[in-house]
Enquirer: 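Following this message is one structure expressed as structure tokens.
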Amino acid sequence: MRAAFDGAVVRHGPTVLRVCRAVLGPGPDADDAWSETFLSALRAWPGLPEETNVEAWLVRVAHRRAVDVVRRSARIAAPAGGVDDVALLEEWAGGGRGRSGSRAGDDDELGEHPIWGAVAALPTRQRLCVAYRYLGGLPYAEIAALTGGGEAAARRAAADGVAALRRTVERETVPDQTVTDQTVTDQTLQTTPTMEGS
């Protein structure tokens, strides 16, 4: 059982870290959410059904732990779930935390990579939908359950977010070329270090 959990950390840890950083910005809050995700997962691991999509399950746990980090750091007692989570994350980011509040001298290159700045600049719902769809691989129905609203709204927010990222990447890095959704996703995935550095 322990070996299986360790394997899940190695296999899915980078994805969870990318999701936490997309939601909270690079820095200590995202690192805390990552750690708390795997502590929660370790406690729940023995009762996890065999057919569970572990990566999707971990992304859902990471969402809840990211919201918990925000509540704790902002000392906010707020109801949990969907729209309330999005509003809480939006208020927190608007107060200068997370997205724009990352440490200047972060211990890896993520804080300096242009894609993270572009992700951070997205409106909260778009940022969450892009993170959960393109980094976490969740289906739109599950994204809608996490962020509130319907599946079509989650799909629209993710599409709008990717379009905004595409425009930003085109403007900043490749002004004369067309950038596809996959290029944006590939650039994001290639900029995250392995868990050895975390």
Side-chain angles (χ1 to χ4, degrees), residues 5-6 8-9 12-48 52 54-108 110-113 116-117 119-138 142-149 154 157 161 188 192-193 195 197-198:
F5 180 77
D6 290 347
V9 173
H12 304 299
T15 297
V16 172
L17 183 60
R18 288 182 198 106
V19 167
C20 291
R21 286 180 169 169
V23 172
L24 298 173
D29 292 321
D31 296 342
D32 289 349
W34 184 90
S35 297
E36 290 180 22
T37 296
F38 283 101
L39 287 173
S40 295
L42 179 60
R43 286 191 290 272
W45 191 258
L48 199 64
T52 300
V54 174
E55 185 175 61
W57 174 70
L58 287 169
V59 169
R60 290 189 301 273
V61 173
H63 168 79
R64 290 189 296 274
R65 295 300 75 89
V67 170
D68 289 346
V69 165
V70 169
R71 280 195 181 99
R72 199 171 39 252
S73 74
R75 300 191 193 315
I76 296 173
V83 176
D84 293 328
D85 289 351
V86 173
L88 179 67
L89 289 168
E90 190 165 6
E91 178 182 329
W92 181 74
R97 294 290 313 206
R99 297 190 299 171
S100 58
S102 60
R103 299 181 307 213
D106 222 352
D107 56 2
D108 61 41
L110 288 178
E112 301 300 322
H113 195 280
W116 291 111
V119 170
L122 292 174
T124 301
R125 185 171 303 279
Q126 288 180 16
R127 191 175 74 255
L128 295 177
C129 291
V130 166
Y132 299 150
R133 177 65 181 173
Y134 293 102
L135 299 176
L138 293 183
E142 289 185 35
I143 295 169
L146 289 175
T147 62
T188 304
T192 304
M195 295 312 302
S198 295

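All of these numbers come straight from a predicted model, not from anything done at the bench. Residue numbers start at 1 and run along the sequence shown.
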Enquirer: Restricting to non-hydrogen atoms, name the atom on A33 and the atom on L24 that form the minimum distance, rounded to 0.1 Å.
Expert: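 Closest pair (atom of A33, atom of L24, distance): CB-CD1, 3.8 Å.
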Enquirer: Just do the salt bridge (charged side-chain N to carboxylate O under 4.0 Å, His left out) check on E55 and R60 with the steps written out, would you?
Expert: CA-CA 9 Å; E55 185 175 61; R60 290 189 301 273; over 6 Å; no
Enquirer: When rounded to the nearest 0.5 angstrom, what distance separates SG in C20 from NE2 in H63?
Expert: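 Interatomic distance, C20 SG to H63 NE2, rounded to 0.5 Å: 11.5 Å.
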Enquirer: Going through the checks in order, is the side chain to side chain contact (heavy atoms under 4.5 Å, CB included) test met by Q126 and C129?
Expert: CA-CA 5 Å; Q126 288 180 16; C129 291; 5.9 Å; no
Enquirer: Side chain of R125, backbone of T147: donor and acceptor closer than 3.5 Å?
Expert: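 Flag set: sc R125 to bb T147 pair under 3.5 Å.
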Enquirer: Please test E36 against R72 for side chain to side chain contact (heavy atoms under 4.5 Å, CB included), starting from the C-alpha separation and ending with a verdict.
Expert: CA-CA 13 Å; E36 290 180 22; R72 199 171 39 252; 2.4 Å; yes
Enquirer: Using 0.5 Å steps for rounding, measure from the CG atom of L17 to the CG atom of D31.
Expert: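 So the gap between those two atoms works out to 6.5 Å.
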Enquirer: Please round to the nearest 0.5 Å and tell me the distance separating atom CG of L138 and atom CG of L146.
Expert: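 If I round to the nearest 0.5 Å, the distance is 6.5 Å.
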Enquirer: Assign the ring pair F5 / W45 to parallel, tilted or perpendicular, where the plane angle (0 to 90°) is split at 30° and 60°.
Expert: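 The rings of F5 and W45 stand perpendicular, inter-plane angle above 60°.
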Enquirer: Just do the side chain to side chain contact (heavy atoms under 4.5 Å, CB included) check on W34 and V19 with the steps written out, would you?
Expert: CA-CA 9 Å; W34 184 90; V19 167; over 6 Å; no
Enquirer: Supply the atom-to-atom distance D32 CG to R65 CZ, rounded to the nearest 0.5 angstrom.
Expert: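 Here the rounded value is 12.5 Å.
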Enquirer: Hey, does the side chain of W57 reach the backbone of T52 with a donor-acceptor pair shorter than 3.5 angstrom?
Expert: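 It does not hold such a pair.
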Enquirer: So do V130 and V119 actually touch side chain to side chain, heavy atoms under 4.5 Å?
Expert: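 Of all side-chain heavy-atom pairs linking V130 with V119, none is under 4.5 Å.
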Enquirer: When rounded to the nearest 0.5 angstrom, what distance separates CG in D68 from OG1 in T37?
Expert: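 Output value for this atom pair is 9.0 Å.
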Enquirer: Has the side chain of R127 got a donor or acceptor atom that lies under 3.5 Å from a matching backbone atom of A22?
Expert: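 Answer holds: yes.
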Enquirer: Keeping R21 on the side-chain end and G27 on the backbone end, is there a donor-acceptor pair under 3.5 Å?
Expert: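 Flag not set: sc R21 to bb G27 has no pair under 3.5 Å.
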Enquirer: Identify the two heavy atoms, one from V23 and one from A66, that lie closest to each other, and give their separation to 0.1 Å.
Expert: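 It is CG1-CB, 4.0 Å.
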Enquirer: How far does CG of L58 sit from OG1 of T15, to the nearest 0.5 angstrom?
Expert: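 It is 9.0 Å, given to the nearest 0.5 Å.
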